[in-house]
Each structure stands twice: as C-alpha cells, then as structure tokens.
Amino acid sequence: MATSDYGLVIAMMMAIFLASFISADPDLLQDVCVADLSSGVKLNGFACKSNISSDDFFFAGLAKPALTNNTFGATVTSASVQQINGLNTLGVSMARIDYAPGGINPPHTHPRATEIVYVLEGELDVGFITTENKLFSKTIKVGEIFTFPRGLIHYQLNSGKVPAAVIVGFNSQLPGTQRVANALFASSPTVEDVVLTKTFQVGTKEVEKIKSRLAPKK
Ligand SMILES: *[C@@H]1O[C@H](CO)[C@@H](O)[C@H](O)[C@H]1NC(C)=O
Ligand SMILES: *[C@@H]1O[C@H](CO)[C@@H](O)[C@H](O)[C@H]1NC(C)=O
C-alpha cells in the first residue's frame with residue numbers, strides 16, 4: 001500500500017471509532033424490537049414483544065396543540081419509545097412543545113440526545129450554554145430550525161404576544177430530560193439548604209422560597 005492509502009485507512013478507522021462514540025443510542029441488531037413496556041426484564045432499552053402491529057409505530061399525539069395553562073406556560077408532548085413502542089432500539093424520537101405568550105421551557109438538558117427544533121408557529125428566543133459557559137442564542141421564527149447539542153443546558157422562551165409551537169427531533173429513543181431548577185430545588189428527598197445557599201451564594205430564606213415555588217403540586 002502507498003503511504004497515502006495507509007493514511008486513508010487510518011482516517012476511516014478513526015471515523016468508525018469516533019462514530020461509535022458520537023451515535024447517541026446503540027445500533028440495532030434486528031429489523032424491529034417493539035418495546036414491551038410491561039415486561040419485567042431489565043436491559044439497556046426495553047425487551048421486545050412478539051405480537052406487533054402497525055399501531056406500534058404510530059402516534060397521533062403531536063397533531064394538536066396542548067394546553068399551556070401551567071406554571072411555566074409551556075407543555076412538552078413527548079413522542080418517545082414510551083408513546084411509540086416501535087422506536088425501541090431505533091435511536092430517534094420526537095416531541096411537540098406548545099408555549100403560551102411569555103411561556104418558557106426552562107433551562108434543562110437531555111443526557112442522551114442532541115435536539116433539533118423546527119418552529120411551527122410563533123417566535124422563540126432559544127439558547128444553549130457550553131461547558132465553557134458560552135451562550136449561543138437566537139430568535140427563531142416559523143419554518144426555522146435551531147440545534148441543542150447533546151447534554152448541554154438549553155431553553156426556549158416565547159417572548160411574543162401570540163402562542164408558539166415547535167416540533168422537535170432527538171437522536172435517542174428516550175432522550176431523558178433534567179430541568180436544572182427542578183433538579184436542584186424540587187428533588188425528592190430535597191437537596192439540603194446548605195448545598196444550595198453555598199452554591200447560589202444566597203440565604204436560606206431565598207432557597208426556601210424557590211423550593212416552595214417549585215414544589216410538585218399536590
Ligand atoms: C395479537 O394482538 C392482536 C391485537 O393487537 C390480538 O387480536 C391477537 O389476538 C394477538 N395475538 C396473539 C397471538 O396474542
Ligand atoms: C387548564 O385549562 C383547562 C381547560 O380550559 C382546564 O380544564 C384545566 O383545569 C386548566 N388547568 C389549570 C392547571 O389551570
């Protein structure tokens with residue numbers, strides 16, 4: 001082999017090696033493996049069920065706007081493996097997010113997926129923050145797209161006067177969502193006040209106030 005061929009082979013091997021890290025969910029080993037959510041078998045993903053039908057690959061839940069009359073004025077409707085059992089092992093899923101005027105999808109991360117949003121209606125201020133604390137933000141309108149890299153904290157705010165909605169794609173069957181404020185101030189059991197007073201450099205009163213505001217509704 002000529003030297004340049006060796007270079008090419010090494011480059012290809014590097015690409016394959018990197019791809020195995022970059023892909024969010026593991027590769028599938030069969031055509032389909034429709035999730036049996038009721039199975040007691042624990043593995044990475046869900047056990048496959050044997051009696052499957054077209055409905056295992058179908059979901060109508062993103063067709064209509066969801067109600068947004070909640071604390072944050074925004075509602076995420078997931079279309080993950082939990083709604084579409086046929087997504088098990090396929091490494092993709094979707095969601096729809098509806099926002100009231102002023103509504104926010106507060107800062108959160110998806111530990112297992114990169115996210116790509118497409119604006120259906122309205123206008124949103126969106127952004128993500130890198131591990132070097134650099135903010136990348138943009139105002140996006142109908143038909144436009146923004147991307148949130150895997151694992152990075154991001155948000156969307158409807159700063160407009162009309163409702164907004166997006167359709168979202170994820171490169172994971174179950175991206176997982178961790179909301180920063182809820183994780184720190186509304187976990188169960190709760191994080192000790194002293195951890196939060198030291199972290200945020202405020203007093204116990206402020207911490208208790210946030211905790212009471214974010215406490216899960218009974
Ligand atoms: C498979 O599921 C269908 C309905 O989804 C049901 O009518 C049928 O009896 C099931 N077959 C078996 C072998 O369980
Ligand atoms: C939101 O609005 C719907 C329909 O108008 C109503 O049934 C529901 O109780 C409201 N939810 C809250 C949290 O106010």
Side-chain angles (χ1 to χ4, degrees), residues 35 37-38 55 58-85 87 93-113 115-129 137-146 148 152-170 172-193 196 199-200 202 204-218:
L37 298 184
S38 64
D55 280 340
F58 173 82
F59 185 56
L62 304 191
K64 289 196 196 105
L67 290 172
T68 53
N69 55 343
N70 52 43
T71 308
F72 293 113
T75 299
V76 179
T77 308
S78 293
S80 75
V81 68
Q82 290 182 310
Q83 291 74 32
I84 308 173
N85 299 343
L87 289 182
S93 62
M94 295 181 77
R96 173 186 175 124
I97 313 171
D98 291 286
Y99 312 82
I104 186 166
N105 187 11
H108 62 279
T109 82
H110 303 291
R112 293 182 290 277
E115 170 175 355
I116 182 162
V117 305
Y118 173 88
V119 183
L120 277 184
E121 60 172 310
E123 199 172 296
L124 295 159
D125 292 346
V126 302
F128 67 84
I129 300 127
S137 65
K138 194 103 180 148
T139 300
I140 54 171
K141 306 189 290 283
V142 175
E144 295 178 343
I145 283 174
F146 200 73
F148 305 111
L152 298 185
I153 293 174
H154 60 279
Y155 61 83
Q156 302 105 29
L157 168 73
N158 179 5
S159 54
K161 292 191 164 49
V162 294
V166 297
I167 291 289
V168 178
F170 294 107
S172 169
Q173 65 179 31
L174 193 60
T177 298
Q178 189 159 40
R179 285 183 163 183
V180 178
N182 298 70
L184 292 174
F185 292 91
S187 66
S188 171
T190 57
V191 175
E192 274 185 282
D193 280 1
L196 300 169
T199 301
F200 289 93
V202 294
T204 307
K205 233 167 90 179
E206 285 89 345
V207 164
E208 287 294 326
K209 186 170 175 183
I210 300 171
K211 278 187 172 177
S212 72
R213 294 277 168 87
L214 294 181
K217 300 247 166 14
K218 298 216 171 68

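The first residue in the sequence is number 1, and the count goes up from there. Start at 1 and go down the list; that is how both ligands and their atoms are numbered.
Put simply, the side chain of Asp193 reaches to within 4.5 Å of the side chain of Lys211, judged on heavy atoms. Side-chain contact between Gln82 and Leu87 is absent, with no heavy atoms from C-beta onward closer than 4.5 Å. Proximity of Tyr99 to Val166: side-chain heavy atoms (C-beta onward) are separated by under 4.5 Å at one or more points.
The presence of a protein heavy atom under 4.0 Å from atom 14 (O) of ligand 2 is confirmed. There is no protein heavy atom closer than 4.0 angstrom to atom 9 (O) of ligand 2. Atom 2 (O) of ligand 2 lies below 4.0 Å from at least one non-hydrogen atom of the protein.
At a 4.0 Å cut-off, not a single heavy atom of Asn70 sits close enough to ligand 2 to count as contact.
In summary, the atoms of ligand 2 found under 4.0 Å from a heavy atom of Asn69, numbered by their order in the structure, are 1 (C), 2 (O), 3 (C), 8 (C), 10 (C), 11 (N), 12 (C), 13 (C), 14 (O).
Between the His108 side chain and the Gln178 main chain, no donor and acceptor come within less than 3.5 Å of each other. No donor-acceptor pair closer than 3.5 Å links the side chain of Asn158 to the backbone N or O of Gly103.
The nearest heavy-atom contact from the protein to atom 4 (C) of ligand 2 is Leu67 CD1, 4.1 Å.
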